[in-house]
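First the structure, in the form of structure tokens, and then the observations on it.
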Amino acid sequence: MGSSYFYQLLVCGAVYYQTSQKTQAIEDNGYYECSGKFDSKMTPVSNILIILKIINGSNFCDDGWYQEVQECQSILNKQIQENSNSKDPYVRQMMELQQAIVKKLHSFSTKAWVNMLCEKDVDDLQKSYNAYHDYYYQHYSNEEAV
């Protein structure tokens, strides 16, 4: 019984670690749904945290970082797709800024490119991130900046 219980704990722990690693920033600081639902206050915070983590981890360029780049692309693309017909000018502008980020992330989307990643590539992503971050906080200036 002891080894079976230990094995269950080990599996549960591994599953929790893997799940929490991917969703920790979202659960603690922001909001998004894989459906592409865009919450004008919470979703940008989630996106900002994920993009910032990618930028800060760019010097590693390991498999985990590469996977985060792909997952971030998927999240942003789904949000863009689901909100493409929005009549809200704020949401439309946020989607345009997300598209600029997706274009920069696309250049990171193959391992061959990641192996040749240079400082300029990361700087270009940082500029797109800054535009997204700044536009969001212009509209929510009462919120604490990330």
Next item on the list: Please report the shortest heavy-atom distance between His139 and Tyr135, naming the atom on each side.
Entry: ND1-O, 3.0 Å
Item checked: Shortest non-hydrogen separation from Phe38 to Pro44 and the atoms involved -> CZ-CG, 3.8 Å
Notebook entry, point to check: Of the non-hydrogen atoms in Ala100 and Ser128, which two are nearest, and what is the gap between them?
Noted result: O-OG, 3.9 Å
Next item on the list: Apply side-chain hydrogen bond (donor to acceptor under 3.5 Å, both in side chains) to Ser86 and list each qualifying residue two or more places apart in sequence or on a separate chain.
Entry: none
Item checked: Side-chain heavy-atom pair Tyr136, Ser40 within 4.5 angstrom cut-off -> no
Item checked: Set of residues satisfying salt bridge (Lys or Arg N to Asp or Glu O under 4.0 Å) with respect to Glu96, sequence neighbours excluded -> none
Check: Is it true that atom CG of Asn130 has more than 12 heavy atoms of other residues, nucleotides or ligands lying nearer than 6.0 Å?
Finding: yes
Margin query: Asp123: which residues meet the side-chain hydrogen bond (donor to acceptor under 3.5 Å, both in side chains) condition with it, sequence neighbours left out?
Written below: none
Item checked: Partner set under side-chain contact (heavy atoms from CB on, under 4.5 Å) for Ser84, not counting sequence neighbours -> none
Notebook entry, point to check: Which atoms form the tightest heavy-atom contact between Leu125 and Lys104, and what is the distance?
Noted result: CD1-CB, 3.8 Å
Check: Do you know the tightest heavy-atom contact between Cys72 and Ile51?
Finding: SG-CG1, 3.8 Å
Please output the side-chain donor-acceptor pairs of residues 54-61 that fall under 3.5 Å, not counting sequence neighbours, one pair per line with the distance.
residue : atom : partner : partner atom : Å
Asn56   : ND2  : Leu52   : O            : 3.4
Ser58   : OG   : Ile55   : O            : 2.9

Item checked: Shortest non-hydrogen contact from Gln79 toward Thr43 -> NE2-CG2, 3.1 Å
Check: Of all residues at least two apart in sequence or in a different chain, which pass the side-chain hydrogen bond (donor to acceptor under 3.5 Å, both in side chains) check with Lys87?
Finding: none
